[in-house]
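All values derive from a computational prediction rather than experimental measurement.
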Amino acid sequence: MYLDYNSTTPIADEVLQEMLFHKENFANPASSHFVGQKAANLLENSREIIANFLQAKPQEIIFTSGGTESNNTVLWQLLNNKKLKKLVISEIEHPSISEYAEFLKNKGIDVIKIPVDNFGFVDIGFLAKNCDETTLVSIIWANNEIGTVQNVEKISEIVKKNGALLHFDAVQAFSKVEISLKKINADFLSISGHKIYGPRGIGALFIRENTEFFPLIIGGGQENEFRAGTANQILAAGFAKAAKIRDNFLTEQKKIWDLRETLIKTLQDEIPQIKFNGAQKFNETLAGTLSVTIPDVENEIVVLRLDNEKIFVSKGSACSSKKVSASSVLTAIGVSKIAAARTIRVSLGKDLTKDEILTFAKKLSKIIKNIRKSRNCV
């Protein structure tokens, strides 16, 4: 039983079929001959589908290798845009933002981290006081560990009022919450294919029209000179197909939310002292994301025991026998380092059933009871 959908999703059958259908359309889209132009048409059709899903213009979308490249490309602007002097991020960013921020800090860029509350929501007042026309603000739309969905409308309003540039890392949010770039005045937005039942190795970056932009990869002029390198139109077609078949994602998320509620209630009934981290209200958190702390059992043991049962979840923090490295996301919301090392992440997908959820809860409960019994814990 796979319960690690936030890490990556399986490729949908329709997506594989779409990519196989275009397997002979392998020519370089930059070539001027007939088959090259046929490949270019496929690439542009895919771009239009992605743009429509985001309510953006096709020319505002460039294809990348995924969310990490898209995020790095946005932060790269700070080393090239002479107007930018400061980076403002939250304390719960993905490593492709937080670690790049440390790199920028070492290059002399002023990096400010917005504190978050115990649910993972950014301090709006702090943000308002710390951004101006020399600032790039980068915020994760929906957190990959705890699921908290930010108030992007309010963030956008404040950032643009203060004259700053705004980027949203929407890799986890894409096709799980409504994203309208007509309503949200962001300058940049990152998404990825393998989080929405599409292929790996393909993502996209939204760059609002007329925004000053400096490419990370140069040497070819592809993607309207925003990203050099031979485009992969077959991956793009798979990405576009994955987005196209997500039309009913809101209904799907409500179904997943019902599974989540069943799981929470069952775990609370079966496992004393269990805790859930982050926001817990519909529309304030991703339906399929659960950060679960079992106060007296290390997550490494839980993950391995579940793995033996062929149930696959991930840890909320990285642990080893010699050192406990607490998740920065969990500690930012007030979880202790010890509790963070006893936290797992369960992330649900569209094809799971209620019976599977109940089976998982039963297996996890049995594992915890056995561990507690062996330790003489109540």
Worksheet entry | Intermediate values then yes/no, salt bridge (charged side-chain N to carboxylate O under 4.0 Å, His left out), Glu300 and Lys315 | CA-CA 7 Å; Glu300 182 77 23; Lys315 294 182 291 183; 2.7 Å; yes
Worksheet item: Can you check side chain to side chain donor-acceptor pair (under 3.5 Å) on Arg260 and Gln253, steps first, answer last?
Response: CA-CA 10 Å; Arg260 169 202 177 93; Gln253 292 303 301; over 6 Å; no
Worksheet item: Run the side chain to side chain contact (heavy atoms under 4.5 Å, CB included) check on Ile146 and Thr285 step by step: do they pass?
Response: CA-CA 8 Å; Ile146 59 175; Thr285 189; over 6 Å; no
Worksheet item: For Phe206 and Phe188, what are the C-alpha separation, side-chain angles and deciding distance, and is it a ring pair (Phe, Tyr, Trp, His ring centres under 6.0 Å)?
Response: CA-CA 5 Å; Phe206 163 81; Phe188 307 103; 8.1 Å; no
Fill in: Steps toward side chain to side chain contact (heavy atoms under 4.5 Å, CB included) verdict (Arg342, Ile338)
CA-CA 7 Å; Arg342 295 170 177 176; Ile338 292 175; 3.6 Å; yes
Worksheet entry | Asn283/Val149 under side chain to side chain contact (heavy atoms under 4.5 Å, CB included): CA gap, chis, key distance, verdict | CA-CA 7 Å; Asn283 289 333; Val149 177; over 6 Å; no
Worksheet entry | Candidate pair Arg47 and Glu223, rule salt bridge (charged side-chain N to carboxylate O under 4.0 Å, His left out), full reasoning | CA-CA 10 Å; Arg47 194 188 314 279; Glu223 293 297 292; 2.6 Å; yes
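Contact annotation: the side chain of Glu91 never approaches that of Ile114 to less than 4.5 Å [non-hydrogen atoms, C-beta and beyond]. The side-chain heavy atoms of Ile62 and Asn224, taken from C-beta on, include no pair separated by under 4.5 Å. Under the 4.5 Å side-chain criterion, counting only non-hydrogen atoms from C-beta, Thr134 is not in contact with Lys83. In this structure, the side chains of Gln172 and Asn144 come closer than 4.5 Å at one or more pairs of heavy atoms. Contact check for Tyr5 versus Leu352: side-chain heavy atoms found under the 4.5 Å cut-off. The closest side-chain heavy-atom distance from Gln77 to His167 is not below 4.5 Å. At least one side-chain heavy atom of Ile271 sits less than 4.5 Å from a side-chain heavy atom of Arg372. Between Leu189 and Leu54, some side-chain heavy-atom pair lies under the 4.5 Å cut-off.
Of the candidates Lys362, Lys265, Lys369, Glu270 forms a salt bridge (charged side-chain N to carboxylate O under 4.0 Å, His left out) with just one, namely Lys369. Checked against Glu145 for a side chain to side chain donor-acceptor pair (under 3.5 Å), the options Ser328, Ser291, Ser327 give a single hit: Ser327. Just one residue in the list Val297, Ile301, Leu267 forms a side-chain contact (heavy atoms from CB on, under 4.5 Å) with Ile368, and that residue is Val297.
Nearest approach of Val346 to Val292, heavy atoms of both residues: CG2-CG2, 4.4 Å. Annotation for Thr135 and Ala164: closest pair O-CB, 3.4 Å, computed over non-hydrogen atoms.
Separation of atoms NZ (Lys113) and CG (Asp123) is listed at 16.0 Å; rounding is to 0.5 Å. Atom CD of residue Glu99 and atom NE2 of residue His94 lie 9.0 Å apart, to the nearest 0.5 angstrom. Rounding to the nearest 0.5 angstrom, the gap separating the CZ atom in Phe360 from the CG atom in Leu263 is 6.0 Å. From Asn185, atom CG reaches atom CG of Asp187 across 6.5 Å, with rounding to the nearest 0.5 Å. Rounding to the nearest 0.5 Å gives a distance of 5.0 Å between OG of Ser175 and CD1 of Ile196. Going from atom CG of Leu43 over to atom CG of Asn232 covers 9.0 Å, rounded to the nearest 0.5 Å.
With hydrogens and angles left out, the side-chain atoms of Ser90 and Glu93 include a donor and acceptor closer than 3.5 Å. In summary, the side chains of Asp355 and Thr353 do not present any donor paired with an acceptor at a separation below 3.5 Å, with no hydrogens or angles considered. With no hydrogens or angles considered, a side-chain donor-acceptor pair links Asn71 and Ser190 at under 3.5 Å. In this model, no donor atom of one side chain and acceptor atom of the other lie less than 3.5 Å apart for Ser96 and Asn72. Side-chain atoms of Thr64 and Ser70 form a donor-acceptor pair, as typed in the model, at a separation below 3.5 Å. Judged purely by distance below 3.5 Å, without hydrogens or angles, the side chains of Thr293 and Asn277 pair a donor atom with an acceptor atom.
Ion pair Lys57/Glu209 flagged as a salt bridge, since at least one NZ, NE, NH1 or NH2 atom sits closer than 4.0 Å to an Asp/Glu carboxylate oxygen. Between Asp110 and Lys85 there is no salt bridge, since none of the side-chain N atoms of the basic residue sits less than 4.0 Å from a carboxylate O of the acidic one. Taking 4.0 Å as the cut-off between side-chain N and carboxylate O, Arg246 and Glu252 count as a salt-bridged pair. A salt bridge links Arg375 with Glu298; the closest basic N to acidic carboxylate O contact falls under 4.0 Å. With respect to the salt-bridge test (charged N to carboxylate O, under 4.0 angstrom), the residues Glu18 and Lys244 do not qualify. One finds no salt bridge joining Lys354 and Asp258 here, because no Lys/Arg side-chain nitrogen approaches an Asp/Glu carboxylate oxygen to under 4.0 Å. With salt bridges taken as basic N to acidic carboxylate O contacts below 4.0 Å, one links Asp4 and Arg345.
Both Ile333 and Ile139 are assigned to one and the same hydrophobic cluster, defined by single-linkage of ILVMFWY side chains at heavy-atom distances under 4.5 Å. Cluster annotation: Leu348 is connected to Leu306 through the hydrophobic network of ILVMFWY side chains, with a link wherever side-chain heavy atoms come within less than 4.5 Å. By the criterion of side-chain heavy atoms lying less than 4.5 angstrom apart, applied directly or through intervening Ile, Leu, Val, Met, Phe, Trp or Tyr residues, Met1 is grouped together with Ile264 in one hydrophobic cluster. Under a hydrophobic-cluster definition in which Ile, Leu, Val, Met, Phe, Trp and Tyr are linked whenever side-chain heavy atoms come within less than 4.5 Å, directly or via other members, Tyr2 and Ile357 are assigned to the same cluster. Ile140 and Leu205 fall into different hydrophobic clusters, defined by Ile, Leu, Val, Met, Phe, Trp and Tyr side-chain heavy atoms under 4.5 Å apart, directly or through other members.
A cation-pi contact, defined as under 6.0 Å to the ring centre and within 45° of the axis, links Lys350 to Tyr197.
Relative ring orientation between Phe249 and Phe53 is described as tilted, the plane-to-plane angle lying within the 30° to 60° band. Taking the six-membered ring where the residue is Trp, Phe121 and Phe119 present tilted rings, their angle falling between 30° and 60°.
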